[in-house]
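Each chain gets a letter, A, B and so on, in the order its sequence line appears, and its residues count up from 1. Predicted model, so just to flag it, every value in this text is computed and none were measured.
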2 protein chains.
Amino acid sequence: MKMNDRKKKVLAAIIQDYIQTAEPVGSRTISRKYKLGVSPATIRNEMADLEELGFIEQPHTSAGRVPSDIGYRYYVDYLMEPEQLTPDQEELIESSYKDKSQEIGRIITRTGQLLSRMTNYTSMVMAPRREKTASIKHIQLVHMMPTQAMVIMVLDTGVVQHQLIEVAENITQADLEQVSKVLNAKLSGLNMERIKLTILSEIYLEMAKYRTFMDVALELLHEQQEAASEEKIYLGGLYNMLNQPEFHNIEKVKTLLSLLEQEKMLQEILLDKKHDGISVRIGVENNCDQIKDCTMVTATYQLDDQVLGSIGVLGPTRMEYAKVITIVDHMARILNKVMDK
Amino acid sequence: MKMNDRKKKVLAAIIQDYIQTAEPVGSRTISRKYKLGVSPATIRNEMADLEELGFIEQPHTSAGRVPSDIGYRYYVDYLMEPEQLTPDQEELIESSYKDKSQEIGRIITRTGQLLSRMTNYTSMVMAPRREKTASIKHIQLVHMMPTQAMVIMVLDTGVVQHQLIEVAENITQADLEQVSKVLNAKLSGLNMERIKLTILSEIYLEMAKYRTFMDVALELLHEQQEAASEEKIYLGGLYNMLNQPEFHNIEKVKTLLSLLEQEKMLQEILLDKKHDGISVRIGVENNCDQIKDCTMVTATYQLDDQVLGSIGVLGPTRMEYAKVITIVDHMARILNKVMDK
DNA sequence: GTTAGCACTCTTTTATAATGAGTGCTAAAC
DNA sequence: GTTTAGCACTCATTATAAAAGAGTGCTAAC
């Protein structure tokens with residue numbers, strides 16, 4: 001059996017109607033609301049075919065049809081008409097980034113808020129991950145208390161990391177300045193890999209006096225590096241999800257929440273994609289049981305061809321695909337632009 | 001009417017039973033499970049009195065009794081027996097802080113996780129707020145790209161703030177080092193208030209050359225200061241709440257979530273307290289409609305008598321008070337200790 | 001190929017009765 | 001005077017049955 005033009009129209013109608021109403025849609029509704037110029041009986045025949053093709057299914061004998069994951073997939077790939085952002089939306093976005101703090105955390109938060117507000121689904125935004133290729137721009141040691149100092153490390157990506165460390169009691173700020181100077185001279189411009197392998201011994205030689213201290217500092221820098229690879233993920237608009245009829249069932253909400261509270265899982269999901277650019281994973285296409293009746297629309301943002309992180313929207317499979325895809329795509333572009341600065 | 005000994009015992013029994021079962025508790029249950037040595041009829045009489053006193057109420061004529069907010073209050077104030085931490089719990093806490101990163105963000109996260117895990121309710125932990133009295137320990141400017149530099153500010157509280165700023169194209173790292181040096185000399189040890197008022201002009205004189213640049217930098221520092229007063233709040237264990245029977249109703253979950261997604265509100269609630277130390281706000285005692293059938297147990301943590309922030313647990317009014325209060329109290333003490341270092 | 005007509009299926013709604021937990025009151029027992 | 005057994009009463013919950021409604025699939029006619 002092949003998809004003819006009318007089948008496509010019927011499938012599109014079913015999906016659009018179901019997206020709107022969340023109710024199984026019957027032949028009569030199609031024939032009345034979507035002027036295909038044929039009677040319910042004809043629609044019924046087409047529906048039977050579409051069901052055989054796996055695009056729609058029946059919850060029970062006497063109910064209308066509901067799109068299957070495969071049906072949505074077909075819709076997204078072939079039927080859906082891309083949507084333009086409305087002027088209102090354009091403006092909302094514009095005003096959200098104009099004249100505001102450029103601090104990375106805030107940009108992430110704001111992006112997440114916008115995503116969930118505009119789509120009415122849950123948004124996930126991953127903060128830029130520092131790759132191992134990130135290199136050190138500046139290192140600074142600051143004396144805090146008799147036995148404590150702070151190591152501050154600025155990376156070329158604009159990320160700033162810091163860590164308190166214990167130091168010997170007799171160390172002064174002047175000492176630390178000295179160490180800072182040496183570290184900067186030796187390390188700045190290098191990435192973590194290189195530091196680990198080649199530079200350490202060199203520093204040791206030159207810095208015999210501070211050797212123990214250096215040990216601690218470097219180890220911590222490394223640990224920090226490790227730790228920071230657990231990217232923070234901003235989650236927003238959970239509330240929106242509860243307004244979706246599919247989540248009126250507490251069990252659903254529970255399985256969803258149990259997932260969203262595990263940041264590690266989220267990361268995997270958010271990064272589980274083959275290509276750059278936009279990705280739509282419908283229902284079981286997510287390799288994750290807990291969201292097997294959700295759709296995730298994700299996109300990556302990058303700097304100089306290096307993927308920094310990704311943003312996404314999570315909603316029921318019954319999602320306003322055209323709208324959401326447009327929005328996610330647009331927001332990812334914006335992040336690209338912002339990162340470029 | 002006065003509370004005699006038996007009334008107290010009956011009230012305690014009702015509350016304990018209700019906390020366990022979440023079902024209205026009847027006279028027979030009390031008489032059987034809690035060996036008060038009297039018949040159901042007698043209990044009924046006492047219950048009628050307790051109801052008149054406002055400590056318990058009846059959902060409907062033929063149901064058992066349910067504690068009122070006032071009843072819980074009486075229980076917490078007079079009846080409840082404080083609980084000890086179990087060795088298991090002690091150990092769990094111990095191992096969570098031992099040998100782990102001392103970075104402030106992680107401590108906050110970990111504390112939140114512990115709180116929700118141990119109590120099975122939702123936890124809220126506020127990161128230390130920098131008060132206006134926080135003073136500058138160190139300022140560092142780092143050149144990033146042709147027209148950008150990063151301002152890094154270390155406060156004596158251990159907080160590190162940073163911000164990218166635009167600079168003139170001809171400025172070099174050497175210039176920035178110079179500026180850093182001056183800024184450090186002038187500003188370190190001072191708090192924001194003092195800087196604002198008296199020091200600026202002084203700097204201007206000395207730094208004529210970099211004046212425009214300084215303008216930007218200082219303004220941003222100040223903006224940063226403002227912005228940072230929106231404390232981050234760690235929220236955890238939302239999932240736990242859905243296991244509580246009172247949240248099997250989606251509407252309840254919605255009102256709760258709508259609150260929890262507004263960080264500003266959370267801050268107010270978390271800080272709305274008269275005294276230091278532990279605070280228990282039961283039901284309507286929270287000045288917040290959205291959690292009028294929840295109880296919040298909060299405590300502050302401080303450094304040198306200055307309140308840095310607060311931690312809390314949010315659950316249904318039917319909360320395991322003895323346990324939760326012990327845990328919150330203990331965790332606050334731990335944070336105090338950690339901050340002291 | 002299309003469609004009107006109709007019997008059939010299965011969920012949802014509505015109505016009605018049965019069950020049961022728990023109370024308040026009264027009068028007797030302690 | 002306090003306690004308790006006994007009992008009628010209330011009201012939510014559960015069970016049962018019937019009715020309504022939505023939608024289909026099939027057949028036969030157009």
Side-chain angles (χ1 to χ4, degrees), chain A residues 1-11 13-15 17-18 20-68 71 245-246 248-249, chain B residues 1-11 13-15 17-18 20-68 71 245-246 248-249:
Chain A
M1 194 180 330
K2 274 191 60 185
M3 284 298 273
N4 58 30
D5 205 54
R6 193 167 65 195
K7 280 195 188 24
K8 288 182 189 171
K9 276 190 185 138
V10 172
L11 179 56
I14 293 175
I15 293 185
D17 203 78
Y18 187 66
Q20 246 186 38
T21 64
E23 296 293 336
V25 16
S27 52
R28 196 133 79 97
T29 315
I30 298 288
S31 150
R32 218 185 316 134
K33 274 178 41 182
Y34 304 81
K35 59 236 160 187
L36 301 190
V38 287
S39 76
T42 311
I43 304 280
R44 277 206 286 284
N45 289 329
E46 298 290 25
M47 282 165 105
D49 291 352
L50 286 170
E51 182 158 12
E52 201 176 325
L53 288 166
F55 289 149
I56 55 180
E57 38 203 35
Q58 256 179 315
H60 55 264
T61 339
S62 77
R65 300 308 209 291
V66 163
S68 69
E246 23 272 281
H248 276 24
N249 172 352
Chain B
M1 194 182 329
K2 273 191 62 183
M3 283 298 272
N4 59 29
D5 205 52
R6 194 168 62 194
K7 280 194 188 25
K8 288 181 189 172
K9 277 189 184 137
V10 171
L11 179 56
I14 292 175
I15 292 185
D17 203 79
Y18 187 67
Q20 247 185 37
T21 65
E23 296 292 338
V25 18
S27 52
R28 195 133 77 99
T29 315
I30 298 289
S31 148
R32 218 186 316 135
K33 276 177 44 181
Y34 304 80
K35 59 237 160 188
L36 300 190
V38 287
S39 76
T42 312
I43 304 280
R44 277 207 284 286
N45 289 330
E46 297 290 24
M47 281 165 104
D49 290 353
L50 286 171
E51 183 159 11
E52 200 176 326
L53 288 165
F55 289 148
I56 54 180
E57 38 202 38
Q58 256 180 315
H60 54 264
T61 339
S62 77
R65 301 307 210 290
V66 162
S68 68
E246 23 272 279
H248 277 22
N249 173 351

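In terms of the side chain to side chain donor-acceptor pair (under 3.5 Å) criterion, residue partners of Asp49(B) (sequence neighbours excluded) are, by chain and number, Lys7(B). When the salt bridge (Lys or Arg N to Asp or Glu O under 4.0 Å) test is applied to Glu57(B), no partner is found at least two apart in sequence or on another chain. In this view, Asn45(A) satisfies the side-chain contact (heavy atoms from CB on, under 4.5 Å) rule with no residue, not counting sequence neighbours. Residues passing the side chain to side chain donor-acceptor pair (under 3.5 Å) test with Arg28(A), sequence neighbours excluded: none. The salt bridge (Lys or Arg N to Asp or Glu O under 4.0 Å) test applied to Lys33(A) returns Asp17(A), not counting sequence neighbours. Scanning for side-chain contact (heavy atoms from CB on, under 4.5 Å) contacts around Gln58(B) gives Glu51(B), Arg65(B), with sequence neighbours left out. With sequence neighbours left out, the salt bridge (Lys or Arg N to Asp or Glu O under 4.0 Å) criterion links Glu246(A) to Arg318(A). Every residue two or more places apart in sequence or in another chain that forms a side chain to side chain donor-acceptor pair (under 3.5 Å) with Ser39(B) is listed here: Thr42(B).
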Can you tabulate the close N/O pairs, meaning under 3.5 Å, that link protein atoms to atoms of nucleotides 8-11 of chain C?
{"unit_1": "dC10(C)", "atom_1": "O2", "unit_2": "Ser62(A)", "atom_2": "OG", "d": "3.0"}

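The distance from atom CG of Asp49(B) to atom C1' of dT2(D) is 13 Å, rounded to the nearest whole Å. The CD1 atom of Ile56(B) sits 14 Å away from the P atom of dG22(C) (whole-angstrom rounding). Between the CD atom of Gln58(A) and the C1' atom of dG23(D) there is a distance of 8 Å, given to the nearest Å. To the nearest angstrom, P of dG1(D) lies 17 Å from CG of Asn4(B).
Pairs engaging residues 40-59 of chain A under the ring-ring contact (aromatic ring centres under 6.0 Å, His included) rule: Phe55(A)-Tyr74(A) [sequence neighbours left out].
OP1 or OP2 of dT23(C) lies within a sub-4.0 Å distance of a side-chain N or O belonging to Arg65(B).
Non-hydrogen atoms lying under 4.0 Å from DNA chain D are contributed by Gly26(A), Ser27(A), Arg44(A), all within residues 26-45 of chain A.
Between Ile15(B) and Gly71(B) the shortest heavy-atom distance is CD1-O, 3.6 Å.
The nearest heavy atom of DNA chain D to Ala63(A) and to Glu46(B) marks one nucleotide each, and the one closer to the 5' end goes with Glu46(B).
One axis for each end of the helix from dG1(C)-dC30(D) to dC30(C)-dG1(D), each built from five base pairs, and the angle between them comes to 20° at 10° resolution.
Each of Ile30(B), Ile56(B), Val66(B) was evaluated against Val25(B); a single residue qualifies, Ile30(B), per the side-chain contact (heavy atoms from CB on, under 4.5 Å) test.
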